[in-house]
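Worksheet for the structure shown next.
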Amino acid sequence: MEDRHGHRISYLRVSITDRCNERCAYCMPGELHEWLPREGVLTFEETWRLVSIAASLGVSKVRITGGEPLTRRDVVDLVRGVANIDGIHDLGLSTNATLLPKFARDLREAGVRSVNISLDTLDRQFYARITGRDFLPQVLDGIQSAIDAGFEQIKLNCVLMRGHNEDQFAALIEFAGERGLMLRFIELMPVTTTEVLSDENFMSILHARRAIEKEFGELIPEPGFRTNGPASYYQIPNRNQRIGFIGALTNLHFCEDCNKLRLTCDGKLRPCLGSALEFDILTPMRAGASDDELRQFFLDVVDRKPLQHDFRDNYQPNRRMIAIGG
Ligand code: SAM
Ligand code: SF4
């Protein structure tokens, strides 16, 4: 699949639930979030069918996300089914890690190759304040379980929050370095405003880099190193350690090589994270659409993929990230 701007789509992010056991201030503020009714969520068979159709159109990488994907009942069976789809060669999972002590080994055996773990701080009190849950000990156990389970790659993702977690950068770098994990710093995307966070809490990746350089020396850019996304990577001098920066807001080239499409747990295809565009594929599927018709639906959505996101111009407070999957 290729859009009209030359973006070649090979990567599908699949959100399998809007439910979560945490309440991150930037993602799902407050306690009053109403979960989707169960019948509104894609069944396992529906999920597998849509991923198969995407695979037949050239998608080879899938990332399972949420909400918190590990809160979905029988998640390992769902994931194994995705791993077994012809054409899916790379299966990843994004998680807050709280439930990894229970699931890491089974997920690895089911075919998950890489795990992205959210970790904004190593300070237990701040962790509890930002996520609404005092789960840091479980998260640290979860990270160890992921290491023990032998995933090919484990990344730690830290959302930058000015005035909140800049004093944590050094500790996070040490933590990741000691364990051989890739740490990435991510700009806060303007999807919500809460009592804890506001526009003033936005910190650019440039600001973060400068703060890190004060402590560790000038970072060495690695323009040739890429993973599947828009991160830019740097070596820390005199350490065998690479860190990444994801600047959705300040990196003007952020969308250039975008290869992604998103499927929400209620069956909406989203051509872009930072655009309000979404298309309901659940309704035609449940009304009996054929595989060919669904394939055409995918192609039409990809054709509507914008040149770039409109986070900068089209601030979308109250569009909760949890409903999209990051
Ligand atoms: N629950 C899982 C987790 O926390 O990793 C997966 C879903 S979560 C929506 C996926 C990613 O989106 C996480 O790394 C989270 O930090 C990130 N995220 C959520 N809201 C965000 C925001 N407003 N700005 C930047 N990243 C955000
Ligand atoms: Fe849950 Fe992940 Fe969103 Fe935090 S970022 S509320 S863990 S879905």
Side-chain angles (χ1 to χ4, degrees), residues 13-33 35-36 63-72 75 79 92-100 103 107 112 114-121 127-136 138-139 142-143 146 154-162 164-165 172 182-194 196-199 201-205 208 229-231 244-251 254 260 262-265 270 273-274 309 311-312 315-326:
R13 290 182 67 101
V14 180
S15 170
I16 60 168
T17 179
D18 68 329
R19 301 182 186 216
C20 189
N21 55 353
E22 294 195 334
R23 300 287 182 274
C24 298
Y26 43 68
C27 181
M28 187 185 57
E31 297 288 338
L32 294 173
H33 176 70
W35 309 122
L36 284 164
R63 174 165 297 279
I64 304 290
T65 176
E68 175 45 48
L70 302 186
T71 62
R72 177 92 188 241
V75 60
V79 163
L93 176 95
S94 289
T95 175
N96 60 26
T98 52
L99 297 170
L100 276 179
F103 290 119
L107 289 165
V112 174
S114 65
V115 182
N116 285 4
I117 295 173
S118 301
L119 184 67
D120 302 332
T121 179
Y127 187 94
R129 194 146 59 85
I130 211 71
T131 65
R133 298 289 183 266
D134 181 21
F135 284 165
L136 185 63
Q138 288 94 310
V139 170
I143 293 171
I154 303 171
K155 297 194 196 114
L156 302 179
N157 287 335
C158 167
V159 175
L160 297 164
M161 291 168 271
R162 184 197 281 274
H164 286 287
N165 63 351
L172 286 166
M182 173 92 83
L183 173 65
R184 306 183 313 166
F185 295 96
I186 301 181
E187 279 176 359
L188 189 63
M189 297 174 210
V191 284
T192 180
T193 40
T194 66
V196 186
L197 293 176
S198 68
D199 281 356
N201 297 122
F202 177 81
M203 187 197 300
S204 70
I205 50 171
F245 295 88
I246 302 182
L249 277 293
T250 62
N251 175 357
F254 191 78
K260 293 194 187 96
R262 292 176 164 80
L263 176 62
T264 65
C265 61
R270 289 186 62 110
L273 172 64
H309 68 68
F311 274 139
R312 271 181 293 270
Y315 181 71
Q316 303 175 57
N318 303 326
R319 285 194 71 80
R320 292 165 312 211
M321 190 67 99
I322 193 158
I324 309 172

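For ligands, and for the atoms within them, numbers begin at 1 and follow the listed sequence. Predicted model, so just to flag it, every value in this text is computed and none were measured.
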**Request:** List the atom of Ser15, the atom of Gly67, and the distance in Å for their closest heavy-atom pair.
**Result:** OG-N, 4.3 Å

**Prompt:** Quick one: which ligand 1 atoms are inside 4.0 Å of a heavy atom on Thr65?
**Reply:** 6 (C), 7 (C)

**Prompt:** Under 3.5 Å between some N or O of ligand 1 and some N or O of Glu68?
**Reply:** yes

**Asked** Polar-atom distance check: Thr95 versus ligand 1, any N or O pair below 3.5 Å?
**Response** yes

**Request:** Answer yes or no: is there a donor N or O on one side and an acceptor on the other, between the side chain of Arg63 and the main chain of Leu93, under 3.5 Å?
**Result:** yes

**Request:** Would you check whether Ser15 reaches within less than 4.0 Å of ligand 1, judged by its heavy atoms?
**Result:** no

**Request:** Taking only heavy atoms of Glu22 into account, list the atoms of ligand 2 that are under 4.0 Å away from them.
**Result:** 6 (S), 7 (S)

**Fill in**
In ligand 1, the atoms that come under 4.0 Å of a heavy atom of Leu188 are 24 (N)

**Item:** Side-chain donor/acceptor of Arg19 to backbone N/O of Leu36, under 3.5 Å
**Value:** yes

**Atoms of ligand 1 close to Glu187 [distance to a heavy atom under 4.0 angstrom, numbered from 1]** = 25 (C)

**Fill in**
In ligand 1, the atoms that come under 4.0 Å of a heavy atom of Asn96 are 2 (C), 3 (C), 5 (O)

**Message:** Need the ligand 2 atom indices (1-based, order shown) with element for anything under 4.0 Å from a heavy-atom of Cys27.
**Reply:** 3 (Fe), 5 (S), 6 (S), 8 (S)

**Request:** Provide the number and element of each atom of ligand 2 under 4.0 Å from a heavy atom of Gly67.
**Result:** 8 (S)

**Request:** Just jot down the ligand 1 atoms closer than 4.0 angstrom to any heavy atom of Ser118, in number order.
**Result:** 3 (C), 4 (O), 5 (O), 13 (C), 14 (O), 15 (C), 16 (O)

**Item:** Side-chain donor/acceptor of Arg23 to backbone N/O of Gly132, under 3.5 Å
**Value:** no

**Request:** Check Cys20 against ligand 2 and report side chain, backbone, both or neither, counting heavy atoms closer than 4.0 Å.
**Result:** side chain

**Asked** Do we see a donor-acceptor contact under 3.5 Å between the side chains of Thr95 and Glu68?
**Response** yes

**Request:** Taking only heavy atoms of Gly67 into account, list the atoms of ligand 1 that are under 4.0 Å away from them.
**Result:** 1 (N), 2 (C), 6 (C), 7 (C)

**Asked** In terms of atom number and element, which parts of ligand 1 are under 4.0 angstrom from non-hydrogen atoms of Val159?
**Response** 16 (O), 26 (N)

**Request:** Give a yes or no answer on whether the side chain of Asn96 reaches the backbone of Val139 with a donor-acceptor pair at less than 3.5 Å.
**Result:** no

**Prompt:** Are the side chains of Leu172 and Asn165 in touch, meaning some heavy atoms are under 4.5 Å apart?
**Reply:** no

**Request:** Answer yes or no: is there a donor N or O on one side and an acceptor on the other, between the side chain of Asn201 and the main chain of Met161, under 3.5 Å?
**Result:** no

**Message:** Within the 3.5 Å criterion, strictly below it, is a donor on Thr98 or Glu22 matched to an acceptor on the partner's side chain?
**Reply:** no

**Request:** Take every heavy atom of Glu22, measure it against each atom of ligand 1, and state whether any distance is under 4.0 Å.
**Result:** no

**Asked** Within a strict 4.5 Å, meaning less than it, do heavy atoms of the Met189 and Leu273 side chains meet?
**Response** yes

